[in-house]
Amino acid sequence: MIVHRLSLEGFRNYESLSCAFDPGINVIVGENAQGKTNLLEAIRYFSACRSHRARTDRELISFGRDSTRMEMELESRNREFHLEALLRTGQRRSLFSNGVRLKTAAELSGILNTVLFCPEDLSLIKSGAAERRRFLDDAISQLRPRYAQAISVYRRLQEQKTRILRDFQEDRSVVDTLETYSLQMCQIGAQIIHYRAYYLEKLNRFAPDIHREFSGGREELGLQYRTVSGVTDPLGPTAQIYNQLLEHMQAHRRAEWESRSCLSGPHKDDIEVTVNGVSARTYGSQGQTRTAALSLKLAEREISRDDREEYPVLLLDDVLSELDPRRQEFVLNHISGGQVFITCCEEEKQGNLRAGKVLRVENGRIV
Ligand code: ATP
Ligand code: MG
């Protein structure tokens, strides 16, 4: 996958930009707050259909404007695509692919795949389970549009059920409504668990090798999918998962009423990461957990390539400056083959990079 060109109109601090990229390594340099991350954010938007850091699309629109237009020309699956996103305040966004208006964001899925790596990702292992779930959700969604749909339906159900639980009264109609939500959450939940379990299998095919090489053969990385305790085989048939989810949810029905929150379901899932057999979250050193996080991200890139038969676009935001020279070296040795965008502050940081193109960003302009 190669992004050839990006055009922005009223996006964050970019009033107007049209920029061509190198098919290899693109280094984006500039002082703080000039628009380096904004540029990556715009590229990422076309793969995830949302920003990785904004809560709403509204934030992406330049101050003082009421719309933004983003356009991208790219090559994917040996085809040329022209993607366009039009965001307007108070209106639904419009997405186009080769001039055809898309009905749902899911239709955009699979055209551009990106793997984003930013400094916060280095604490992926030490963070709470929500961060690891997000990692899984973002990674799987890009490869499987149905998963993205399932996640968004599940979230909506969970929100609605939580709202009902919040002012719960033991009343026949309320209990019935809750039961309907529970059933639906178990149905969608079973699909989610199925996808996640398979993705974990793939992570286990790539990440431990990367981690082993990274640690000079001293460390063995283990990844274990942790889901609802009643589910005996997350890789098994979804009908079976569904039944087990239902059983678990029913066993926790009263507890849910009392705590007024959704206690049972894959919204509590986690990945248990171990290094040499012990929990990395609890016992891992800084270096070990960073290495493990890096290995997960690099594995995500390999999985995407395995699935799509071409490398996803790699977006490295400020990450090199956060790494010691040995880890920098390792990352740089593992990014050949696909298109890469790297942001950095000082010029010396790109010392051992064979940049195809250097883009200097200054106050929302490429100079
Ligand atoms: P750093 O090196 O600190 O990470 P950066 O170059 O990555 O900096 P960005 O995050 O890309 O910086 O850009 C931040 C700039 O964009 C800030 O000055 C911010 O005020 C501006 N900005 C963010 N959102 C908008 C918006 N909606 N409209 C206009 N400007 C915005
Ligand atoms: Mg930045």
Side-chain angles (χ1 to χ4, degrees), residues 3 5-22 25-72 84-95 114-124 127 131 134 138 290 293-294 297 313-323 327-328 331-332 335 339-351 353 355 357-367:
V3 178
R5 178 171 282 281
L6 180 73
S7 306
L8 303 173
E9 199 84 42
F11 180 87
R12 294 254 193 214
N13 68 339
Y14 289 93
E15 205 176 299
S16 175
L17 170 92
S18 181
C19 185
F21 303 116
D22 190 85
I25 296 179
N26 296 273
V27 179
I28 302 163
V29 286
E31 311 255 302
N32 291 131
Q34 300 305 306
K36 301 184 299 296
T37 302
N38 292 347
L39 202 60
L40 294 193
E41 186 179 33
I43 296 173
R44 172 82 169 173
Y45 191 90
F46 284 104
S47 67
C49 241
R50 64 182 178 85
S51 154
H52 65 284
R53 55 177 183 167
R55 268 175 304 109
T56 64
D57 280 353
R58 177 74 191 86
E59 291 172 42
L60 306 177
I61 301 173
S62 294
F63 301 146
R65 293 184 56 135
D66 55 12
S67 71
T68 175
R69 180 189 298 276
M70 299 183 261
E71 285 178 71
M72 174 184 280
E84 195 180 333
L86 183 61
L87 316 179
R88 283 161 298 192
T89 40
Q91 287 185 50
R92 280 191 61 195
R93 69 177 166 195
S94 317
L95 302 167
T114 59
V115 170
L116 170 72
F117 200 175
C118 50
E120 299 90 84
D121 291 325
L122 289 169
S123 52
L124 185 63
S127 313
E131 293 304 312
R134 185 136 73 120
D138 286 347
R290 287 186 146 216
L294 273 169
K297 281 284 165 176
V313 173
L314 184 63
L315 307 171
L316 299 175
D317 193 11
D318 259 343
V319 84
L320 291 183
S321 57
E322 291 286 318
L323 297 174
R327 288 193 174 85
Q328 276 186 21
V331 172
L332 293 177
I335 59 173
Q339 191 181 31
V340 186
F341 291 82
I342 300 181
T343 69
C344 50
C345 264
E346 307 121 71
E347 286 174 62
E348 78 250 30
K349 289 279 154 52
Q350 6 148 353
L353 265 178
K357 188 164 186 178
V358 179
L359 303 137
R360 194 167 304 279
V361 180
E362 220 177 273
N363 196 18
R365 256 195 289 262
I366 299 207
V367 294

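Atoms within a ligand are numbered from 1 in the order they appear, just like the ligands themselves. Heads up: numbering here begins at 1 and tracks the sequence. As the structure is a computational prediction, the values presented were derived from the model and not from experiment.
- The contact set between ligand 1 and Gly35, taken as ligand atoms under 4.0 Å from a residue heavy atom, comprises 5 (P), 6 (O), 9 (P), 11 (O), 12 (O), 13 (O).
- Of the candidates Gln34, Arg65, Arg53, Glu41, Arg53 brings a heavy atom nearest to atom 10 (O) of ligand 1.
- Salt bridge status for Asp66 with Arg58: absent, with no side-chain N to carboxylate O gap under 4.0 Å.
- Per-residue contacts place Asp318 under 4.0 angstrom from the following atoms of ligand 1 (heavy atoms of the residue considered): 4 (O).
- Ligand 1 places these atoms under 4.0 Å from at least one heavy atom of Thr37: 4 (O), 5 (P), 7 (O), 10 (O), 11 (O).
- The local environment of CD in Glu15 is sparse, with at most 12 non-hydrogen atoms from other residues, nucleotides or ligands closer than 6.0 Å.
- Counting only heavy atoms of the protein, atom 23 (C) of ligand 1 lies nearest to Arg12 CD, 3.6 Å.
- With a 4.0 Å heavy-atom cut-off, ligand 1 is reached by no atom of Val361.
- A salt bridge links Arg134 and Glu131; the closest N-O separation between the charged side-chain nitrogens and carboxylate oxygens is under 4.0 Å.
- For a threshold of 3.5 Å applied to N or O pairs, the pair formed by Leu39 and ligand 1 contains no separation below that value.
- Distances below 4.0 Å separate heavy atoms of Asn38 from the following atoms of ligand 1: 9 (P), 10 (O), 11 (O), 13 (O), 14 (C), 15 (C), 16 (O).
- The protein heavy atom nearest to atom 21 (C) of ligand 1 is Asn13 CB, 3.9 Å.
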Go through the steps for Ser94 and Arg88 under the test side-chain hydrogen bond (donor to acceptor under 3.5 Å, both in side chains), then give the verdict.
CA-CA 9 Å; Ser94 317; Arg88 283 161 298 192; 2.9 Å; yes
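- Side-chain contact, Thr89 with Arg65: no donor N or O sits under 3.5 Å from an acceptor N or O.
- Regarding atom 28 (N) of ligand 1, its nearest protein heavy-atom neighbour is Phe63 N, 2.9 Å.
- Considering Thr343, Asn32, Ile61 only, the shortest heavy-atom separation from atom 1 (P) of ligand 1 involves Asn32.
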Could you please spell out the steps behind the side chain to side chain contact (heavy atoms under 4.5 Å, CB included) verdict for Val313 and Val340?
CA-CA 6 Å; Val313 173; Val340 186; over 6 Å; no
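- Listed by number with element, the atoms of ligand 1 under 4.0 angstrom from any heavy atom of Lys36 are 1 (P), 2 (O), 5 (P), 6 (O), 7 (O), 8 (O), 11 (O).
- For atom 19 (C) of ligand 1, the nearest protein heavy atom lies 4.0 Å or farther away.
- A distance of 6.0 Å or more separates the ring centres of Phe11 and Tyr45.
- Looking at Gly30, Ala33, Cys118 and measuring to atom 15 (C) of ligand 1, the nearest heavy atom belongs to Ala33.
- Note on Glu322 versus Arg290: salt bridge recorded, some NZ/NE/NH1/NH2 to OD/OE distance being below 4.0 Å.
- In this structure, Arg93 pairs ionically with Asp57, as a charged nitrogen and a carboxylate oxygen lie closer than 4.0 Å.
- Close approach to Cys345 involves these atoms of ligand 1, each under 4.0 Å from a residue heavy atom: 2 (O).
- Metal site remark for the Mg ion (ligand 2): Asn38 contributes no N, O or S atom at a distance under 2.8 Å.
- Of the N and O atoms on the side chains of Asn38 and Asn13, at least one donor lies less than 3.5 Å from an acceptor on the other residue.
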